[in-house]
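A short worksheet on the structure shown next.
Throughout, a chain's letter reflects where its sequence line sits, starting with A, and its residues are numbered from 1. Values reported hereafter were calculated over all heavy atoms of this structure, with side chains retained and with hydrogens, waters and symmetry mates removed.
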Amino acid sequence: MPDTPLIRTQDAATPTSGWHSLVSDWSSDRHAFKDVSWGKAMMWIFLLSDTFIFGCFLLSYMTVRMSTTTPWPNPSEVFALEIAGTNMPLILIAIMTFVLITSSGTMAMAVNAGYRRNRRAAALLMLVTALFGAAFVGMQAFEWSKLIHEGVRPWENPWGAAQFGSTFFMITGFHGTHVTIGVIFLLIVARKVWRGDFDSGRKGFFTSRKGRYEIVEITGLYWHFVDLVWVFIFAFFYLW
Amino acid sequence: MSEIVPGADHPIPHDHADDVELYHPHSWITKYVFSQDAKVIGIQYSLTAMAIGLVALVLSWLMRLQLGFPSTFSFIDPPSYYQFITMHGMIMVVYLLTALFLGGFGNYLIPLMVGARDMVFPYANMLSYWIYLLAVLVLVASFFAPGGPTGAGWTLYPPQAILSGTPGGQGWGIILMLVSLALFIIGFTMGGLNYVVTVLQARTRGMTLMRMPLTVWGIFTATVMALLAFPALFVGAVMMLFDRLLGTSFFMPALVEMGQQLRYGGGSPILFQHLFWFFGHPEVYIVALPAFGIVSDLISTHARRNIFGYRMMVWAIVGIGALSFIVWAHHMYVSGMHPWFGFFFATTTLIIAVPTAIKVYNWLLTLWRGDIHLTVPMLFTLAFIVTFLNGGLTGLFLGNVVVDVPLSDTMFVVAHFHMVMGVAPIMVIFGGIYHWYPKVTGRMMNDAMGKIHFWVTFLGAYLIFFPMHYLGLLGVPRRYHEIGPTSFVPDSAETLNAFISVVALVVGAAQMLFLFNLAWSLRRGREAGPNPWNATTLEWQTPQTPPGHGNWGKETPPVYRWAYAYGVPGAARDFIPQNEPPATAAGDGGSG
Ligand code: HEM
Ligand SMILES: [Cu+2]
């Protein structure tokens, strides 16, 4: 073994099929993911990590829902609104979900406009997205205050298992924080787009680096993720 | 192997891709304090980690004093003993080892070894360090808070962790601990994303993944694992904070304390154990994988041999990383889980032994007929291999349910995890510091002091932890302030305990010699030159030593081969740096 030559030229071309080609693509020169910028790669990996956070939250919710000895309040009654004399279960949540999903649509349009260097449209669409996001957070605040009025606290509630309030406030609060951060980012990036920072090469205040229109797409990735997470929260918390 | 070392004769194109926009510091403060340079951040991380590690070391002395000479030191009462244990364990695992390997070695070595100019997002990287520092300060603050630090054990199991019977449980201790952990995780994430993306997307020309030094592979995989494992701890910490501060009952069942029914009820303490160990077990490998990687490189360099089975080593690292996410409940055999789960987790645990054993064999085969230089880094490396092997073998005992149940919570467990994740990684940290110190400072560390440090630490560690296996088999429990007379522990165990404590003090003193050596060599050490170990990897080929801002000259170095071209037949020297063009390295390339 010690006498085998250690360096060989690669005479046969790189394998072209199957696992080997996958591995050699990934492990090739410089970039594992071709044409993926650093920022985008970083956002994807962050989102993967964040997925684990939300996953742990949701699994913990399911666990305490099973471990608690008192009955779980019925979500369709708890999350119902009295509108014009009729009791409508889950109406607010339906609206919130609709708003958030719509905002994903405007976000996607903003990304498109950004890449077409249509500054005005991109900035406006981001603004609209941010408004939808703010509306979502606003409705969530409304829902929180309604429940608090009815006596729901993290440690107790009038209808049953205390864990209902604990998990509700914790998980929707954590998600709402994500939305709020997203709104702030959207506003910052929209301002930069509007001002033309990415055309003029103006440097970031903190990072002293030039930005690119890609940041719109990266913000969008985050936004869609927050939206997707909501779908799971909606399904597991409100529909179960 | 032809795929590992492709195209030695392929011309490497010039670098046309856009280069990193580096932040150029203008003042002393932005250069050395709020620095965005990964090298400075790495040093900051390392020094902070060592400083807080020193606290953990002093705590271990205090614990040993108590265990060796019970009822002698009145200031070590049972509550403070628990506080010492907890802080010692948590600091060592999280704030010392994780921070030093990933934040310290990772920051310093990754950009240099893959031929990048810096981490991809230096600003976030800088924040990472400052949040880490904040986490450390919050942790230290708990020593001074009313009621002192938490004494819940480093596993922080509820419900006891937040009840009044546990030191710090109803005071500030547990709160500060949880906040500090959450901060640590946030700070780490900012750095960790940087390390991963730098490895994936910012390598220099010619640096394929399969040409990366194993050090980078180890740190990279560990970072990915940390990004996926820390979320569980984060969630656990947040929920426990709510239990403690808001009175929620995530982890708290109905409880009677001092004859009083508490307001808690319906929560699941086992849930916390799952969350904790979903983080806790990968954590073991988060400190082990960087150690594996560094050891591979040190062995290869100091034995002048190419690493045996590079490709296998990479897959073993990745495989261990993946497997370690499905073994966590082997820490919970005594929690009353279903026997089938025990069966599952015991099986997965034993399967991990396979890739791990492959690594050990490969290290040995690398050493086989190598030209072994017994330098200080090499000594520490060899010490790692035996120690890790030892800890790994006792791990096989504990991985089996029937053997674990009687041994659980005895000194046997303490001996096991100190061997495998205490002593072994610390050996690598020392070896790594002796190895890279010349690059960081331009001077060699003093060899005589290094050798004394090594022998005292190595032999001492065995004298401390080997007898603990025996104590554990006798049934001496872990986490006991004082066991007093029992029917099963003979009096001689007390003599043994006193002996262990004396050795522990001596080993601790030897670490002072190491710190002195670090400081002394900074000025008085022998000039090292750019590549004192004749190593192949890129960090030794920098235009300046210590490397300057931006690491490289006008262009990042092109890479022509893997990191282990030692003793290549026909080559002019016994090593060929990764960036040496084939034409100048005679004997290279042609030998097909
Ligand atoms: C000079 C070196 C060291 C000595 C003398 C030492 C000593 C001790 C002692 C006496 C205990 C408590 C045993 C008990 O009563 O249960 C302990 C616990 C522990 N040590 Fe160390 N230790 C050393 C280094 C380390 C290192 C490097 C690590 C890093 C992983 C570490 C991690 C831990 C952990 C995790 C615990 C368990 C804490 C708990 O039970 O909550 N120790 N150590
Ligand atoms: Cu484990």
Fill in the blank from the handout: Heaviest contributor of heavy-atom pairs below 4.5 Å to chain A, chosen from B/Gln36, B/Met126, B/Met212, B/Met239, is B/Met239
Practice task
Answer yes or no on whether A/Arg65 is positioned over the face of A/Trp240, meaning its NZ or CZ is under 6.0 Å from the six-membered ring centre and within 45° of the axis.
Solution key: yes
Exercise for the section: Against chain A, label B/Phe230 side chain, backbone, both or neither, depending on which of its atoms sit under 4.5 Å from a heavy atom there. Expected result: neither
Problem - B/Trp217 vs B/Trp315 side-chain heavy atoms within contact, under 4.5 Å - result: no
Exercise for the section: Name the region of B/Leu200, side chain, backbone, both or neither, that has any atom closer than 4.5 Å to a heavy atom of chain A. Expected result: both
Handout entry: Under 4.5 Å from any heavy atom of chain A - which part of B/Phe250
Key = both
Handout entry: A/Lys192 versus A/Gly204, closest heavy-atom pair with distance
Key = NZ-CA, 4.3 Å
Exercise for the section: Using non-hydrogen atoms and a 4.5 Å limit, figure out which bit of A/Thr167 sits close to chain B: side chain, backbone, both or neither. Expected result: both
Exercise for the section: Using a cut-off of under 4.5 Å on heavy-atom pairs, state which of B/Phe121, B/Phe242, B/Phe278, B/Tyr264 scores highest against chain A. Expected result: B/Phe121
Practice task
Tell me, for A/Phe174 versus chain B, whether the close heavy atoms (under 4.5 Å) come from the side chain, the backbone, both or neither.
Solution key: side chain
Problem - Salt bridge B/Glu580-B/Arg573, side-chain N to carboxylate O under 4.0 Å - result: yes
Problem - Top of A/Phe46, A/Tyr61, A/Phe33 for chain B proximity - count of heavy-atom pairs under 4.5 angstrom - result: A/Phe33
Exercise for the section: Could you tell me whether a side-chain N or O of A/Arg202 sits under 3.5 Å from a main-chain N or O of A/Phe198, the two making a donor and an acceptor? Expected result: no
Handout entry: Ring center gap for B/Phe272 and B/Phe251 short of 6.0 angstrom
Key = yes
Fill in the blank from the handout: chain B shares the most heavy-atom pairs under 4.5 Å, among A/Thr51, A/Thr68, A/Thr69, A/Thr70, with A/Thr68
Problem - Residues A/Glu156, B/Arg263: salt bridge by 4.0 Å N-O rule - result: no
Completion exercise
Checking A/Phe237, A/Phe136, A/Phe57, A/Phe236 against A/His175 for ring pair (Phe, Tyr, Trp, His ring centres under 6.0 Å), the one that qualifies is A/Phe136
Practice task
Check whether A/Ser60 gets within reach of chain B through its side chain, its backbone, both or neither, counting any heavy atom under 4.5 Å.
Solution key: both
Fill in the blank from the handout: Assert top hit (heavy-atom pairs under 4.5 Å, partner chain A, pool B/Val238, B/Thr248, B/Thr198, B/Val196) equals B/Thr248
Completion exercise
Under 4.5 Å to a heavy atom of chain B? For A/Ala41 that would be both
